[in-house]
Amino acid sequence: MAILDWLGLSKRPAGGEQDVVHRIVQELDAMEPRAARHLALFAFLLSRVANVDQDVTADETLAMERVVEVYGGVTAAQAALVVAIAKAQHQLFGETWNFLAAREFRDLATEEQKRDLLHCLFAVSAADDTISIEEEETVRAISREILLTNDEYLAIRSAYRDKRAALRKP
């Protein structure tokens, strides 16, 4: 099934905004399927952390878009679309798919990509200048699910020390 069909856009007439969305979706459809799946899983996991408090803020959305753009090597418009889809999918299927998405990402990703994901999860968590304890615990859970070692987790977390709510004075 093409992304356009899944989004319900394949039967709409092209023009204006719809034409822009249509072109972006066509570009994403042109991605190698494994790479597209990897990027979708990556964005879903970012969304998992951003939604820990049941509210994905504008800052978190912007951070996810920047991360997806750089990490995925896609345009800003494509990144915005990928993030929007991931956020919607997480809202609909989050609890059901959280572990499954992490497990599939684990199976597709290299060790370096797993560590990159962890950095990106912390970056999204810190979008509001604070990594809450709940966000930190979700990142730790994902780290375990993708089979990173505790030492790898701690090394990456240390780069975000100044953003951790657990270390800030009340």
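The basis for the numbers below is simple: all heavy atoms, side chains too, and nothing from hydrogens, waters or symmetry mates. Only a predicted model underlies this, so the values are computations on that prediction, with no experimental measurement involved.
- Across Ser47 and Ala86, no two heavy atoms sit closer than the pair OG-O, 3.7 Å.
- Side-chain atoms of Tyr71 and His38 include a donor-acceptor pair closer than 3.5 Å.
- For the atom pair Ser143 OG and Leu121 CG, the distance stands at 9.0 Å (nearest 0.5 Å).
- Contact detail for Phe105 and Leu117: the closest heavy-atom pair is CE2-CD2, 3.5 Å.
- Between Phe122 and Tyr160, the angle of the ring planes stays under 30°, which puts this pair in the parallel group of the 30/60° scheme.
- Across every non-hydrogen atom of Arg140 and Tyr153, the tightest pair is NH2-CE2, 3.2 Å.
- Panel note: side chain Asp128, backbone Thr130; a donor-acceptor pair is recorded below 3.5 Å.
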Please assess Arg48 against Ile142 for the test side chain to side chain contact (heavy atoms under 4.5 Å, CB included), listing each intermediate value before the final yes or no.
-> CA-CA 9 Å; Arg48 176 177 168 185; Ile142 293 169; 3.5 Å; yes
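- Inspection of the Glu135 and Thr138 side chains reveals no N or O donor paired with an N or O acceptor under 3.5 Å.
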Take Leu148 and Leu118, measure what side chain to side chain contact (heavy atoms under 4.5 Å, CB included) needs, and give me the verdict at the end.
-> CA-CA 9 Å; Leu148 287 177; Leu118 213 59; 3.7 Å; yes
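- Formation of a donor-acceptor pair under 3.5 Å by the Gln113 side chain with backbone atoms of Thr110 is found in this model.
- At a cut-off of 3.5 Å, with distance as the only test, no side-chain donor of Asn150 or Arg144 sits close to an acceptor on the other residue.
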Which is it for Glu134 and Glu137 under the side chain to side chain contact (heavy atoms under 4.5 Å, CB included) test, yes or no, and what are the steps along the way?
-> CA-CA 5 Å; Glu134 294 83 7; Glu137 285 306 311; 5.9 Å; no
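- Environment of CD in Glu32: crowded, with over 12 heavy atoms of neighbouring residues, nucleotides or ligands closer than 6.0 Å.
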Could you give me the CA-CA distance, side-chain angles and deciding distance for Arg103 and Glu145, then say whether salt bridge (charged side-chain N to carboxylate O under 4.0 Å, His left out) is met?
-> CA-CA 6 Å; Arg103 185 176 64 188; Glu145 291 163 8; over 6 Å; no
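- Taking all atoms of both residues into account, the shortest heavy-atom contact from Val124 to Glu60 is O-CG, 4.0 Å.
- Within the 4.5 Å cutoff, the side chain of Val139 has heavy atoms near those of the Ser125 side chain.
- Checked against salt bridge (Lys or Arg N to Asp or Glu O under 4.0 Å), Glu65 has no partners two or more places apart in sequence or in another chain.
- Using a 4.5 Å cut-off on side-chain heavy atoms (C-beta onward), Leu108 and Arg37 make contact.
- At a threshold of 4.5 Å between side-chain heavy atoms, the hydrophobic network of Ile, Leu, Val, Met, Phe, Trp and Tyr places Val70 and Leu39 in two separate groups.
- Side chains of Phe93 and Asn98 form no contact here, defined as non-hydrogen atoms less than 4.5 Å apart.
- In this structure, Asp129 and Lys163 have side chains that are in contact, with non-hydrogen atoms separated by less than 4.5 Å.
- Thr96 OG1 to His90 NE2: the interatomic distance, rounded to the nearest 0.5 Å, is 10.0 Å.
- Phe44 and Leu92 fall within the same hydrophobic cluster, defined by Ile, Leu, Val, Met, Phe, Trp and Tyr side-chain heavy atoms under 4.5 Å apart, directly or through other members.
- If you chain together hydrophobic residues whose side chains sit under 4.5 Å apart, Val67 and Met31 fall into the same group.
- The heavy-atom pair separating Val56 from Met64 by the smallest distance is CG1-CE, 4.0 Å.
- Here CG of Leu46 is found 12.5 Å from CG of Asn51. Values are rounded to the nearest 0.5 Å.
- Closest of all the heavy-atom pairs between Val68 and Ala43 is CG2-CB, 4.2 Å.
- Hydrophobic clustering of Ile, Leu, Val, Met, Phe, Trp and Tyr side chains at less than 4.5 Å, counting indirect connections, unites Ile146 with Leu154.
- The pair Glu152-Arg115 meets the salt-bridge criterion, with a side-chain N (NZ, NE, NH1 or NH2) lying under 4.0 Å from an Asp/Glu carboxylate O.
- In terms of modelled atom types and a separation under 3.5 Å, the side chain of Glu104 and the main chain of Ala101 share no donor-acceptor contact.
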Please test Gln89 against Trp97 for side chain to side chain contact (heavy atoms under 4.5 Å, CB included), starting from the C-alpha separation and ending with a verdict.
-> CA-CA 9 Å; Gln89 289 295 102; Trp97 282 94; over 6 Å; no
